[in-house]
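These notes concern the structure reproduced below.
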Amino acid sequence: MSNGFEPKILYILCSWCGTGGAETASAHGLRYPENVRIYRVNCTGSLPAVHVLRALVEGADGVAVSGCHPGDCHFETGNYHARRRVANLKTILNTLDLGDDRLWFRFVAHGEGRRFVDTATEFSDHIAELGPNPLTARRDT
Amino acid sequence: MNGATVAAPEGVQQAITELLKRGLDEKVFGAVLVPARVPAGDSFAWLLVRDSAVLDEAQPLPPVMSVQGARAIYRFARRGVTGKVAAVLRPCEVRATVELAKLKQVEIDGLVLISMDCPGAVPLKAYVDDPQQGDADFEKLLNGDQTPARDICKVCHLFSRPASDLHFATLGSDNGQASIVAGSDQGRAVLKKLGIAEESSLDAWERAVAERQEQRQQARAEAQATLRQKIAGPDKLLETLSQCINCHVCRSVCPICYCRQCYFESQAVLMPPENILARARRKGGMRLPTDTLLFHVGRMSHMSLSCVSCGACEDACPSSIPVAQLFSLVGDATQKQFDYVAGRSVTEPLPTITYKEDELPDLVAPYVETYSGREAAS
Amino acid sequence: MSDALTISKPPDEALRAFLAFLLQEKKAAAVLTLDRIGKDAAPAYSLITDAKELESAAPLLPIMPANAGKLLAEITELGPSPEPIAAVLKPCELRALVELKKLNQANLDNLLLISFTCGGVFPLAIRNNGGINETLPAYRDALAKGEVADGIRPTCRACEHFVPYNADLTVALVGGPGSSGTSTFLINSSRGAEALEGFEGERTEAKLESDAIDALRAKRADEATKLYTESETAAPGLDGLISIFGRCLSCRACSTVCPICYCELCYFDSVTEDPAPNKYEAQLRHRKATRVPPGTIAFHLGRMTHMVISCVGCGMCSDVCPVSIPVATLFSMVGKSADKVFSYVPGKDLDEELPLKKYEVDELSHLGEERIES
């Protein structure tokens, strides 16, 4: 990257559409940036908000979450709850002026290989532009 | 609005105690949960009472909120109650009980919740250090002078008519009478069993409450705007939290934080020394105990949707951090997002267990088909 | 007489320089010290790896935001530190660390333990008004003269173990150089000697025990007698306990900050102690009313039976109590009595087993002996 900063990205994927999207991408020979690390959960609905927080406070420059589209969740309603949970977390971060733009939520379907790769790349570029996460460098957290 | 009126020659607290006594004696309630002054005189504790003679010692509306009423309830009623237990609570304690019922920590069917208009409470630590001064300060609150109240009470607009079964309409009341509003079928049934008819007009009281609610809502908006400036961004927020010693007392006195073992005290946050050293190295140093910011923001992510702004946390904090105001700021914002008010109604589902199929459209990062930015290196 | 190093800097500066030296010479991967990084320079403990960050370090500040022995135990709970860590601890924090090691909650490998002769700490409330700096001149004065400083925690006033045990290095503060601008580090172990190798200063011989230390010890003993006989915690009886703990909120802040209370889930919060309708119904049958939450005094007495033998009197519990209960005074008094039965001083002798983990076949003859008069 131009400024030499390679962001640490945590990309949380559900085991069904999310991971499926990644597999479809690989089947088509598409690649996503190496600085994007996948964290696989069973369903985005089972993702505790506090895990996202731990990443955002301590280690990652950005966290993205992808799961099945509304209506497609393998567990029927998990993605709806995930959407609410992420919305709640973003409101908390915004109210405290900690910024919510290092947290993205986007639905990705099993067959959307291109969409998966584009999300990973776009988010990584977006974070690279924002720069390193100021919270992770602080020693008073 | 109509309500019931009972004689209160010795004041409202006495009227409440009379109702509890009658309820016990006439077997409308099996037991009563009510505050009483402790033997040393320097605080108040909850008593679960079966013998109505003990109620002579009761003080239904104490100057302080020592143990949050909802926390007292689930500490003895977690596995249910036998017979009806009448609990006399401040409105925020009722709201916390309602939240706990929805969180499945309390079976609300066994409870008869009795509340009153709350004039606020005085800070707990100051009270135990000088109870006489504390009692004098509380007199001021009862007479409408808010100066000695806890900061969180000064901006409370939910001081009246929570989702209780019976509510004593005490605001502005005097002239030897007390008014009661029934808030539920159970409340109406209790009044009927005790032969108390609901025939009085409470319009004047309703107006007085509405007026004060408006004042408080404005004060709340102003206070939150000021606070938001004060804690905005990592530098200011961490400065406010810098005196935190990670004692977690804010969590343990919170009525909503019911977890027997908190996530932030579990194996999940226990790290081997290699991890601690690596993190310290990355930053040049690391504050110990670790994860102070994570604890507070994490606790918000767990409970802010049910936060009732009772202020137990701030009363207990040994570092005088304005936790109640911080959590209320975030609580109000997160609840507003889902059009939810913690404790408003026992039938209103928690935002975390419901959803709409179409909602929060701005949340999802919009996708531009085939991102034309940097292509991944092949 | 023992080996010592005299440095031409006042103690705070000398220690800061030494900690920097350890990091720069890679003799330590990290140092644990009080660090004034908070609002109004309020202190917190920091584990520092970069010597540049030591500018804000205040290793000898008389304040205890957390018991550092507990912090070191939490770091080494899952295993020994893979690299050397140097820590500046108060004598009671060091004693707590030793007790925790005996309780298998801490590993002392690779730790360089630096302590000092301690004048006590101020209650946490002093930070709330940014008032630490104002207290320091009078405090340091009292320290140099071997007097009991004003305004420190009650258990500090009564503490007779202010000369550290098991430290690799001890900084002489009580009766020390005062404002002479020099410091003395006493070397108590080969690990300590190795760490000082190459650091500025003159090797000398020095004696820790001095008239000032004897004087202070005597004064502290007087204070202990006063504290444990004249306060409301002296021989409280049931009425006294009800008076002291009446305002208790059952918040567990005391056990949370206590270095010895290490259980992740306290017995008194476990399912075993959970209330059930039959429990309180039974109580209501023979009492007219019962206090809620239940088990207030039972918790404190129970906690005593679990940990009071190892209580080091650090005073964190009293400081953190939301309703100003003198927990530390009561617990340290009971701890002293319990320790007397076993002639035990918590944290003093690293090799001495915990009293409740061992036994003599012939002891405590007043218990368990039934004399059958024939």
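The analysis underlying the following values was restricted to heavy atoms, covering all of them including side chains, and did not include hydrogens, waters or symmetry mates. Here is the naming used below: chain letters follow the sequence lines, and residue numbers restart at 1 for every chain.
- With a 4.5 angstrom heavy-atom cutoff, Asn278(C) does not touch chain B via any of its atoms.
- For Arg71(B), the part lying under 4.5 angstrom from a heavy atom of chain C is the side chain only.
- Looking at Cys321(C), only its backbone comes within 4.5 Å of chain B, counting heavy atoms on both sides.
- Residues Ile242(C) and Pro39(B) share a closest heavy-atom pair of CG2-CG, 3.8 Å.
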Exercise for review: Start with the C-alpha gap between Glu83(C) and Arg281(B), add the side-chain angles, then the distance that decides, and say whether salt bridge (Lys or Arg N to Asp or Glu O under 4.0 Å) holds.
Suggested key: CA-CA 12 Å; Glu83(C) 295 173 80; Arg281(B) 232 177 215 129; 2.8 Å; yes

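- Rounded to the nearest 0.5 Å, atoms CD (Glu265(B)) and OG1 (Thr256(C)) are 6.0 Å apart.
- How far CG of Leu47(B) is from OG1 of Thr290(C): 8.0 Å, rounded to the nearest 0.5 Å.
- Salt-bridge formation is not detected for the pair Arg287(C)/Asp51(B): no Lys NZ or Arg NE/NH1/NH2 atom is positioned less than 4.0 Å from an Asp or Glu carboxylate oxygen.
- For chain C, the nearby part of Val253(B) is the side chain; its heavy atoms alone come within less than 4.5 Å.
- Both the backbone and the side chain of Gln267(B) come within contact range of chain C, with heavy atoms under 4.5 Å apart.
- Only the side chain of Ile85(C) comes within less than 4.5 Å of a heavy atom in chain B; its backbone stays farther off.
- Looking only at side-chain heavy atoms (C-beta outward), Asp274(C) and Arg260(B) come within less than 4.5 Å of each other.
- Here the side chains of Val323(C) and Asp129(B) are not in contact, with every heavy-atom distance at 4.5 Å or above.
- Near-neighbour residues of residues 74-81 of chain B relative to chain C, defined by a heavy atom under 4.5 Å from a heavy atom of that chain, comprise Arg75(B), Phe76(B), Arg78(B), Arg79(B), Gly80(B), Val81(B).
- Only the side chain of Val128(B) comes within contact range of chain C, judged by heavy atoms closer than 4.5 Å.
- The structure places NZ of Lys39(C) at 7.0 Å from OG of Ser242(B), a figure rounded to the nearest 0.5 Å.
- Considering only heavy-atom pairs separated by less than 4.5 Å from chain C, the leading option among Ser52(B), Cys317(B), Ala280(B), Gly110(B) is Ala280(B).
- Atoms CE and CD1, from Met271(B) and Ile75(C) in turn, are 13.5 Å apart once rounded to the nearest 0.5 Å.
- With a threshold of 4.5 angstrom between heavy atoms, Leu124(C) approaches chain B through side-chain atoms but not through N, CA, C or O.
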